[in-house]
Structures are given as C-alpha cells and as structure tokens.
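Read the numbers this way: they start at 1 and go in the same order the structure lists the ligands and their atoms.
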Amino acid sequence: MKVRFSARYLVLLVAKILVVAGILAAMILAVNVLFPPPPGLLHDWPRLGTSWPYTLALLICVLADYGLLRLALWDQRYRCRICLSRLRLPTTEGNYSSVWLGGAPYTEYVCTWGHGNLYIPDVHLASGRKAVWVGYQSLWENLIKAETEEVEK
Ligand SMILES: [Zn+2]
C-alpha cells in the first residue's frame with residue numbers, strides 16, 4: 001500500500017479554485033456595474049460600509065462564492081486521487097457502542113477502478129482524526145501478487 005496523489009488531482013483542485021475566484025471577480029464587477037458610485041463630491045468615497053445596497057450585494061456575492069468553494073472542496077474530497085472518478089460504494093464499519101473494542105466507526109469509499117480506498121471517520125473528536133486515502137497498486141498487479149503468493153504456499 002502506498003499513498004499517492006496524481007498531478008491531475010492537484011491540477012483539478014487548482015482549476016476549481018481558479019474558477020471559483022473568477023466567478024467571485026465577475027460577481028464583484030457586476031456589483032460595481034449595478035451599483036455605480038454616486039456622482040458629485042462623493043465619487044471617490046469608499047462605498048463598502050457606507051452604502052448598504054452595495055455592501056449587502058458584496059456580502060451576498062462573497063457568501064455565495066464561499067459556498068461554491070466549499071462545494072468544490074467537498075467534491076474534490078470524494079474523488080479518486082489517481083483517476084479523478086467519483087468514489088463509490090460507501091460502507092460504514094465500526095460500532096458506536098464499542099469504540100474501544102471494535103474501533104471507531106468510519107465510512108469507507110472505494111474507487112471502482114481499484115486505485116484505492118478513502119477512510120473517513122464518522123466520529124469527530126477533538127483529536128482531529130483525518131480522512132485517510134490508501135492507494136493501491138494496479139488491480140492486475142495485486143491479482144498477480146496474490147496468485148504468486150498462493151502458489152508459493
Ligand atoms: Zn481511481
């Protein structure tokens with residue numbers, strides 16, 4: 001078992017973050033067009049905090065963009081680190097009533113192409129147990145390795 005991340009996984013994450021940043025920039029430009037500065041002496045006066053429609057519109061834009069960023073990160077978390085496909089077959093293991101004996105409950109997700117598993121803890125403690133990706137060699141290498149080990153026995 002080996003923990004691996006492909007470059008495509010990181011490129012997809014950076015691309016999502018750039019798209020979300022671009023959407024935020026476009027929304028800020030749209031707000032600036034929809035709420036132009038007042039004419040006259042207050043033309044250069046900062047509008048953020050002094051003009052409530054402008055401030056409210058920017059607040060809505062930032063909150064919506066934060067939601068998009070969280071959605072992108074959530075989607076990225078449940079993707080295979082190698083082939084970027086969505087992880088499937090969530091299986092809950094462990095027992096809430098016997099954490100010490102049976103292990104803390106967690107949910108296991110599987111890449112259907114056999115690249116690895118993602119273990120996400122279901123119990124969130126102050127100790128900060130994190131999700132763990134366990135990557136595998138290719139499916140065929142694992143089968144050949146298992147067969148050779150079976151022949152050697
Ligand atoms: Zn995969």
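Geometric assessment of Arg86 against the ring of Trp74 yields a positive cation-pi assignment under the 6.0 Å and 45° thresholds.
In this structure a side-chain-to-backbone donor-acceptor pair under 3.5 Å is missing from Arg81 to Gly116.
Protein N/O/S atoms found under 2.8 Å from the Zn ion (ligand 1): Cys80 SG, Cys83 SG, Cys111 SG, His115 ND1.
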Please output the side-chain donor-acceptor pairs of residues 13-30 that fall under 3.5 Å, not counting sequence neighbours, one pair per line with the distance.
residue, atom, partner, partner atom, Å
Lys16, NZ, Asp75, OD2, 2.5
Lys16, NZ, Gln76, OE1, 3.0

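Using a 4.5 Å heavy-atom threshold, the side chains of Cys80 and Trp113 count as separate.
Residues meeting the side chain to side chain donor-acceptor pair (under 3.5 Å) test with Tyr109, sequence neighbours left out: none. Remark: Tyr119 engages Tyr106 in a ring pair (Phe, Tyr, Trp, His ring centres under 6.0 Å) (not counting sequence neighbours).
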